[in-house]
Amino acid sequence: MKYPFQEIEAKWQKFWEEKQVYKTDLTNTDKKHYCLVMFIYPSGAKMHIGHWYNYGPTDSYARYKKLKGFNVFEPMGYDAFGLPAENYAIKTGIHPHDSTMKNINDIREMVKRMGAMYDWDAELMTCEPKYYKWNQWLFLQLYKNGLAYRKNAPVNWCTSCHTVLAREQVLNDGTCERCNSTVIQKNLTQWFFKITDYAEELLDGLNKIDWPEKTKTMQLNWIGKSLGAEVDFKVSGTDDQIKVFTTRPDTLFGATYMVLAPEHPLVDKLTASELKQKVEEYKDSIKLMTEIDRTSTVKEKTGVFTGAYAINPVTNKNIPIWIADYVLMTYGTGAIMAVPGQDERDWEFAEKFNLPIIRTVQPPEGFEGKAFLEDGPAINSDFLNGLYVDDAKKKIIEWLEHQGIGKHTINYRLRDWLISRQRYWGTPIPIIHCDSCGEVPVPEEQLPVVLPYHVNFKPDGGSPLASNEEFMNVKCSKCGTDAKRDADTMDTFVDSSWYYLRYLNPDYEGGMFDTKLANAWTSVDTYVGGAEHAVMHLLYARFIHKFLRDIKLVNSDEPFQKLIHQGTITNLGAKMSKSKGNVVDPNQFIHEYGSDVFRMYLMFMGPYDLGGDWSDKGIVGVDRFVQRTYSMFETNKDLAKKNKAFEKYDLAQLNDVEKGIYRKVNYTLDKINVELEHFRFNTAVAALMELLNEMKNLNECKPEIQLYSLERFSIMLAPLAPHLAEECWSLLGKEKSIFENPIWFEIDPIALTQDSITIVVQINGKVRAKIDMAVDIQEPEVKSLVFADDKVKSYTDGKQIVKEIYVPNKIYNIVVR
RNA sequence: GCCGAAGUGGCGGAAUUGGUAGACGCGCUGGACUCAAAAUCCAGUGGGGCUCAAACCUCGUGCCGGUUCGAGUCCGGCCUUCGGUACCA
């Protein structure tokens with residue numbers, strides 16, 4: 001009979017739900033395992049292949065852990081706020097709340113059909129007041145601690161989303177991370193979270209977590225720590241000073257000019273009147289460029305002279321002050337001392353504008369390059385001469401500090417996290433703006449500031465909340481006079497920075513989350529999600545977690561101990577997207593083959609972290625495996641009712657077929673263990689297929705050996721194809737379901753030892769013979785067996801034997817001449 | 001440009017610390033079953049050579065070179081693809 005997956009998958013899903021098999025007892029923390037996938041963003045009503053690829057295999061891992069005796073917590077929820085729902089509202093008039101709720105309901109049904117062991121009691125959605133209330137509370141704690149502040153600053157403005165973006169949310173081609181349209185610079189007053197206060201700790205923490213190296217590297221580069229010095233330069237003929245940051249203070253004697261960012265506040269003041277027009281023109285030309293254009297490495301250097309001079313503090317010489325777009329106001333101090341001798345960009349600039357070049361590090365003989373960046377003895381540097389870079393740095397910093405014109409500094413590339421959004425569908429910022437009191441935090445007992453339902457969504461660039469007067473007009477909670485609420489909402493990355501803590505009790509009213517549970521259950525043991533979150537979500541969550549630790553709400557340093565990225569499933573070589581029209585709908589395959597086959601096929605396709613191009617070519621192979629498995633168990637129906645299998649068998653008591661199967665069962669147990677532990681699902685599935693092939697002759701075994709093998713087969717199958725495995729287990733006549741009463745079988749180590757082995761004989765490195773012999777026999781005996789072989793003889797007779805290498809139980813290599 | 005990963009049959013992909021390259025699956029070929037087809041089952045399947053056939057020989061893991069008794073795996077130099085990043089002072 002063909003495996004009736006519709007019926008059986010529905011049956012077991014119902015069973016699991018009714019028996020509450022996946023309800024995790026969070027009070028039992030004995031062998032806890034928090035297995036988390038990135039929650040779902042319900043912008044569309046459908047689950048696509050990428051979701052399946054993320055959730056299916058991760059669920060298999062969670063199930064494996066459960067069978068191994070872990071108390072596994074595997075929750076699912078909805079990252080429900082965000083722009084797409086709001087843009088959809090603008091287009092169709094359907095309110096974001098309504099479309100989101102509908103999407104969530106549809107998605108929940110689809111996720112359930114997948115058959116994952118989510119604890120649905122832990123389900124949460126970020127758009128509910130009972131969730132976002134705590135975003136607001138978090139905001140207030142950050143505010144109290146000086147980590148949430150408002151400033152007027154140039155910000156990234158997405159021309160299509162009509163909102164500001166954090167720097168991380170601008171892609172490297174200058175487009176918006178969400179919608180891919182152009183991002184421009186604007187000056188606005190916005191709320192920021194001071195993530196830079198945690199820069200050092202965010203770096204340190206990377207050493208303590210089990211994350212992919214490339215992800216850690218990305219965070220490392222994003223934070224971009226560099227050691228150097230700040231040096232004050234006097235502006236010649238004035239009292240002004242310009243502070244520069246440099247990583248190479250040792251090259252100070254070679255600083256032959258200075259460059260300011262065009263936006264630098266001193267530019268207007270410094271510029272000589274006859275050059276004002278040129279400088280203004282240059283500044284205007286920069287305004288039109290995005291930050292990305294400006295920072296293109298291929299672009300030729302541009303800049304203009306201001307007419308002013310600074311004084312090099314070590315040489316006391318006047319050096320010209322230029323402005324150029326390659327100096328950014330947003331990094332360091334917005335000003336540099338240019339040392340063309342030791343910096344490629346400065347060299348290029350100096351060459352183009354005929355500025356002096358002085359080498360202060362001696363390049364090796366024969367050096368033909370331009371700027372010399374390597375280590376070497378200092379030259380042309382007075383009291384530094386002869387010192388190598390590190391020593392020269394130390395000495396000059398001492399000197400600068402002694403003179404009171406500079407100091408050792410650490411600079412970071414990381415900037416504060418801009419969290420204001422001029423959008424509706426998000427968490428209202430809990431601040432009241434009062435004419436007399438300024439910014440006033442909403443008192444905690446008045447939270448949540450509920451997001452009103454009725455607003456005007458018109459995408460005119462203003463915050464939609466501003467259109468709701470009832471919402472906007474409040475009394476100042478300090479002085480009681482008329483005041484206004486903040487009309488902006490928070491970046492949705494705030495929501496996702498702590499949701500894993502809320503899952504533990506999403507209805508908790510005593511605080512942001514239940515600290516007792518959080519201390520017991522976090523860090524999350526295994527976190528699985530896309531690599532596209534390497535710097536944004538994963539950095540924000542680490543920051544927030546550390547802050548929550550500092551205010552004593554959690555006791556761990558890091559939110560996610562082990563991180564796994566699933567690869568991307570592409571179609572026809574491109575990422576699946578509606579606009580490309582290459583989206584593959586998983587439902588089609590669920591209908592035709594069922595959820596188990598589909599998830600197993602996704603796992604079988606290849607290495608989990610590599611992903612790959614979609615093809616349905618091989619899915620029939622997995623389907624055949626499922627059919628053959630099912631019929632094997634049907635043939636042996638009720639076997640467990642009449643028989644009992646021992647934990648172990650003595651190989652000597654088994655016939656050849658039994659021995660073969662017994663060995664393979666144990667070998668597979670071992671293999672599956674290792675493969676699943678490392679998220680190598682493809683080889684785990686292959687191992688089970690091999691076992692099934694071996695079990696072809698199961699009918700030649702005693703019933704108890706049949707049962708021994710089938711029991712183990714079902715349990716190994718259970719993480720990968722849970723519905724099928726439950727069905728097989730119950731076909732055997734087992735009373736308790738696998739996941740109701742999780743078990744995992746121990747390996748019989750004796751079955752893993754071979755008694756005979758094939759020795760490969762190589763002659764001059766080429767395989768010439770394969771000889772079977774008993775395992776672990778002594779080398780002289782091996783040698784005599786090898787040289788007794790006709791083929792070996794034919795290759796060695798009459799030749800001089802130069803060398804013999806024996807690798808026990810593997811290879812016998814003979815070198816002849 | 002820089003950083004990282006990858007490149008293995010017709011295809012997806014296997015291969016402990018260097019030790020039988022191609023597990024497992026798809027596809028294909030042949031056979032069984034069938035009136036026939038589908039499904040299923042059995043056998044074969046990297047290329048080339050020599051064979052009735054087997055045995056056997058030979059070439060083969062992106063390219064060139066090296067280390068080694070032995071290299072998909074290690075080293076040096078390239079090429080291609082895919083991610084990440086972009087003048088960070």
Side-chain angles (χ1 to χ4, degrees), chain A residues 2 171-173 212-215 217-218 220-222 224-226 228 244-248 251 259 261 291-292 294-299 301 324-328 330-339 342-346 348-349 411-414 531-532 534-535 565 567-568 570 573 601 604-607 609-625 627-628 631 671 674 680 682-693 696 758-770 791 794 802-816:
Chain A
K2 201 162 160 30
L171 301 178
N172 48 30
D173 59 351
E213 279 308 315
K214 66 165 185 177
T215 310
T217 305
M218 274 192 243
L220 188 99
N221 293 338
W222 191 263
K225 177 181 183 174
S226 52
V244 303
F245 173 71
T246 177
T247 54
R248 294 292 302 275
T251 63
V259 186
E291 185 158 339
I292 306 302
R294 273 179 65 168
T295 55
S296 160
T297 43
V298 290
K299 200 176 71 61
K301 295 272 175 293
D325 62 351
Y326 81 95
V327 175
L328 305 173
T330 47
Y331 183 79
T333 60
I336 62 160
M337 62 180 218
V339 191
Q342 275 78 227
D343 185 285
E344 282 167 348
R345 298 155 299 177
D346 296 344
E348 202 191 316
F349 195 84
N411 196 53
Y412 298 93
R413 203 187 87 108
L414 181 70
E532 66 273 21
V535 272
H565 293 307
T568 312
T570 55
Y601 177 57
F604 187 58
M605 274 174 55
D609 53 345
L610 289 185
D613 203 47
W614 171 255
S615 153
D616 58 11
K617 281 272 166 54
I619 195 166
V620 291
V622 175
D623 187 51
R624 280 177 202 151
F625 167 76
Q627 300 299 339
R628 287 166 59 205
S631 75
K671 174 99 175 161
V674 177
R680 291 193 293 251
N682 54 334
T683 43
V685 175
L688 263 191
M689 286 174 167
E690 279 187 56
L691 177 58
L692 181 66
N693 290 343
K696 223 162 20 185
T758 305
I759 293 290
V760 172
V761 185
Q762 294 187 343
I763 292 158
N764 290 345
K766 289 189 191 280
V767 178
R768 294 302 182 186
K770 294 169 189 180
K791 253 201 103 187
S794 75
V802 181
K803 197 173 178 184
E804 288 165 72
I805 299 115
Y806 177 55
V807 183
N809 296 322
K810 267 187 185 154
I811 286 234
Y812 199 96
N813 197 349
I814 306 162
V815 184
V816 298

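Here is how names work: the chains are called A, B, and so on, in the same order as the sequence lines, proteins then strands, and each is numbered from 1. Fair warning: this is a prediction, and the values are worked out from it, not measured in the lab.
- Both A:I805 and A:M218 lie close to RNA chain B; mapped to their nearest nucleotides by heavy-atom distance, the more 5′-ward contact belongs to A:I805.
- When rounded to the nearest whole Å, the span between CD1 of A:I814 and C1' of B:rC69 equals 11 Å.
- With rounding to whole Å, A:I811 atom CD1 is found 12 Å from B:rA71 atom C1'.
- For the pair A:L691 CG and B:rA23 P, the interatomic distance rounds to 18 Å; values are reported in whole Å.
- With sequence neighbours excluded, no residue forms a salt bridge (charged side-chain N to carboxylate O under 4.0 Å, His left out) with A:D346.
- Looking at residues two or more places apart in sequence or on another chain, you find no ring-ring contact (aromatic ring centres under 6.0 Å, His included) involving A:Y412.
- For A:R768, there are no salt bridge (charged side-chain N to carboxylate O under 4.0 Å, His left out) partners, not counting sequence neighbours.
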For this session: Let me have a per-nucleotide readout for nucleotides 42-49 of chain B, 5' to 3', with B, S or -, counting only protein heavy atoms under 4.0 Å.
Result: S-------
Seminar exercise, completed: Each nucleotide of nucleotides 53-61 of chain B classed B (base within 4.0 Å of a protein heavy atom), S (only sugar-phosphate) or -, in 5' to 3' order, makes ---SSSS--
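- Legend: residues meeting salt bridge (charged side-chain N to carboxylate O under 4.0 Å, His left out) with A:E344, ordered by chain and number and at least two apart, are absent.
- Note: CG (A:L692) to C1' (B:rC41) measures 14 Å, nearest angstrom.
- The separation of B:rA53 from B:rC75, taken at their P atoms, amounts to 46 Å, rounded to a whole angstrom.
- Comparing B:rA23, B:rG25, B:rA89 against the side chain of A:R628 picks out B:rG25 as the nearest.
- Residues A:K671 and A:A687 come closest through the heavy atom pair CG-CB, 3.7 Å.
- Per the geometry, CD belonging to A:E690 stands 13 Å off P belonging to B:rG22, to the nearest Å.
- Residues satisfying the salt bridge (charged side-chain N to carboxylate O under 4.0 Å, His left out) criterion with A:R413, sequence neighbours excluded, are absent altogether.
- Regarding contacts with the backbone of B:rC88, a side-chain N or O of A:R345 is found under 4.0 angstrom from either OP1 or OP2.
- A:N693 has its CG atom 10 Å from the P atom of B:rC41, to the nearest Å.
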Could you go over nucleotides 73-75 of chain B and give all protein N or O partners under 3.5 Å, atom names and distances?
none

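- In this structure, a donor-acceptor pair under 3.5 Å is absent between the side chains of A:Y601 and A:D623.
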Exercise. Tell me, for nucleotides 4-17 of chain B in 5' to 3' order, what letter each nucleotide earns: B for a base near a protein heavy atom under 4.0 Å, S for only sugar-phosphate near one, - for neither?
Worked result: --------BSS--B
Problem set entry | Under the 3.5 Å Watson-Crick or G-U criterion, the dot-bracket string of RNA chain B, with | for inter-strand pairs | (((((((..(((......[....)))((((((.......))))))((((......))))..(((((..]....))))))))))))....
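- Between A:R624 and B:rC26 there is a side-chain N or O to OP1 or OP2 distance below 4.0 Å.
- When the side-chain contact (heavy atoms from CB on, under 4.5 Å) test is applied to A:V816, the partners found at least two apart in sequence or on another chain are A:I763, A:N764, A:T796, A:K799, A:I801, A:I814.
- Residue A:T217 has no polar side-chain atom (N or O) positioned under 4.0 Å from OP1 or OP2 of B:rG84.
- Atom CH2 of A:W614 is separated from atom C1' of B:rC26 by 13 Å (rounded to the nearest Å).
- When all heavy atoms are compared, the tightest approach of A:A324 to A:F349 is CB-CE1, 3.7 Å.
- Residues meeting the ring-ring contact (aromatic ring centres under 6.0 Å, His included) test with A:F625, sequence neighbours left out: none.
- When rounded to the nearest whole Å, the span between CD1 of A:I763 and C1' of B:rU20 equals 14 Å.
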